[in-house]
2 protein chains.
Amino acid sequence: MSESAYVLYPIGFLQSPLKEPGEAPMQGHEGAPDAWLEVHTSVAEGLEALAVGDEIIVITWLHQAQRDILKVHPRGDETMPLAGVFATRSPDRPNPLGLHRVMVLEIAGERLKVGPIEAIDGTPVLDIKPVLPQSADA
Amino acid sequence: MSESAYVLYPIGFLQSPLKEPGEAPMQGHEGAPDAWLEVHTSVAEGLEALAVGDEIIVITWLHQAQRDILKVHPRGDETMPLAGVFATRSPDRPNPLGLHRVMVLEIAGERLKVGPIEAIDGTPVLDIKPVLPQSADA
């Protein structure tokens with residue numbers, strides 16, 4: 001790794017009915033519930049112009065992941081050959097960032113109801129970005 | 001902000017013909033060039049199973065961004081009303097993470113040629129993830 005390092009602070013966290021990683025589906029579209037994204041008061045101004053119905057990318061910090069793993073069996077399936085973590089969506093990776101494309105379902109002050117989202121309760125949120133309609137990308 | 005903090009290390013960096021932010025288009029699909037993503041030897045094993053033609057999300061650290069900005073004019077256009085940074089793709093935001101959906105064009109050892117990508121030369125890379133075909137999401 002390089003000698004550089006960057007320090008990130010959560011802008012908020014998720015409140016979800018999923019309490020344990022074992023309860024969570026692999027991806028949001030695989031039956032995940034909705035969750036509340038609670039934004040810290042100090043950055044809540046940054047939500048202005050977001051609206052119900054918007055599609056957003058929530059970037060999380062997968063706080064229970066292992067950072068020293070470089071190869072995994074995709075989807076935890078041991079019949080699959082080992083792959084590099086950068087070719088998979090495994091939470092285990094050097095910088096365990098999670099990307100979740102969700103819809104804004106409700107806005108209540110500094111809280112956004114979003115979903116479906118497979119991250120567990122208490123997951124820190126690092127950033128929120130709109131999905132760009134021009135490119136339908138991330 | 002919260003008292004928690006997370007430390008991230010670059011897994012590599014971009015080598016691009018774009019040398020200054022002023023030269024860069026706003027988004028990759030707006031005429032950006034291709035770039036080489038040079039991965040650090042210590043994590044290069046994590047690339048295994050990536051192939052030419054794959055669509056990936058590159059997560060960068062926008063090292064020239066301002067972190068104390070919560071409202072911006074979208075696309076830097078002062079005729080547009082101010083919006084919260086979380087409703088825009090502005091690089092200026094509390095945790096300046098960049099998301100870039102690109103294609104893998106060439107693989108040469110620990111280097112991936114990817115593009116098109118609007119990030120400037122020297123931009124640190126934090127993570128690489130495959131685009132999921134099931135959900136075409138981020």
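In what follows, every chain begins at residue 1, and chains take the letters A, B, ... in the order their sequences are listed.
- For the set Ile59(B), Asp127(B), Leu82(B), the count of heavy-atom pairs under 4.5 angstrom toward chain A peaks at Asp127(B).
- Between chain B and the residues Ala49(A), Ser90(A), Ala87(A), the most heavy-atom pairs under 4.5 angstrom are made by Ala87(A).
- For Leu47(A), the parts sitting under 4.5 Å from any heavy atom of chain B are the backbone and the side chain alike.
- Linking Ile, Leu, Val, Met, Phe, Trp and Tyr residues whenever their side-chain heavy atoms come within less than 4.5 Å leaves Leu18(B) and Leu37(B) in two separate clusters.
- A distance of 11.5 Å separates CZ in Arg93(B) from CG in Leu126(A), rounded to the nearest 0.5 Å.
- Heavy-atom pairs under 4.5 Å with chain A were tallied for Ile56(B), Ile69(B), Val85(B), Val7(B); the largest tally goes to Val7(B).
- A single hydrophobic cluster is seen to contain both Ile128(B) and Val52(B), as judged by linkage of ILVMFWY side chains at heavy-atom distances under 4.5 Å, directly or through other members.
- Contact annotation for Thr88(A): only backbone heavy atoms (N, CA, C, O) come within less than 4.5 Å of a heavy atom of chain B.
- Pairing each heavy atom of Leu70(B) with each of Glu45(A), the nearest pair is CD1-OE1, 4.0 Å.
- Looking at every heavy atom in both residues, Ile57(B) comes nearest to Arg89(A) through CG1-NH2, 4.3 Å.
- Side-chain heavy atoms closer than 4.5 Å link hydrophobic residues (I, L, V, M, F, W, Y) into clusters, and following such links, possibly through other members, connects Ile107(A) to Val43(A).
- Residues Ile120(A) and Val125(A) do not share a hydrophobic cluster, clusters being chains of Ile/Leu/Val/Met/Phe/Trp/Tyr side chains in contact below 4.5 Å.
- Distance check, rounded to the nearest 0.5 Å: CD of Gln27(B) to CG of Leu132(A) gives 4.5 Å.
- Residues Tyr6(A) and Pro124(B) form a side-chain contact, since some pair of their non-hydrogen atoms from C-beta on lies under 4.5 Å apart.
- When heavy atoms are compared at a cutoff of 4.5 Å, Leu97(B) approaches chain A by way of both its backbone and its side chain.
- Within the 3.5 Å criterion, the main-chain N or O of Tyr9(B) finds a donor-acceptor partner in the side chain of Asn95(A).
- No chain of hydrophobic side-chain contacts below 4.5 Å, direct or via other Ile, Leu, Val, Met, Phe, Trp or Tyr residues, connects Val72(B) to Met80(B).
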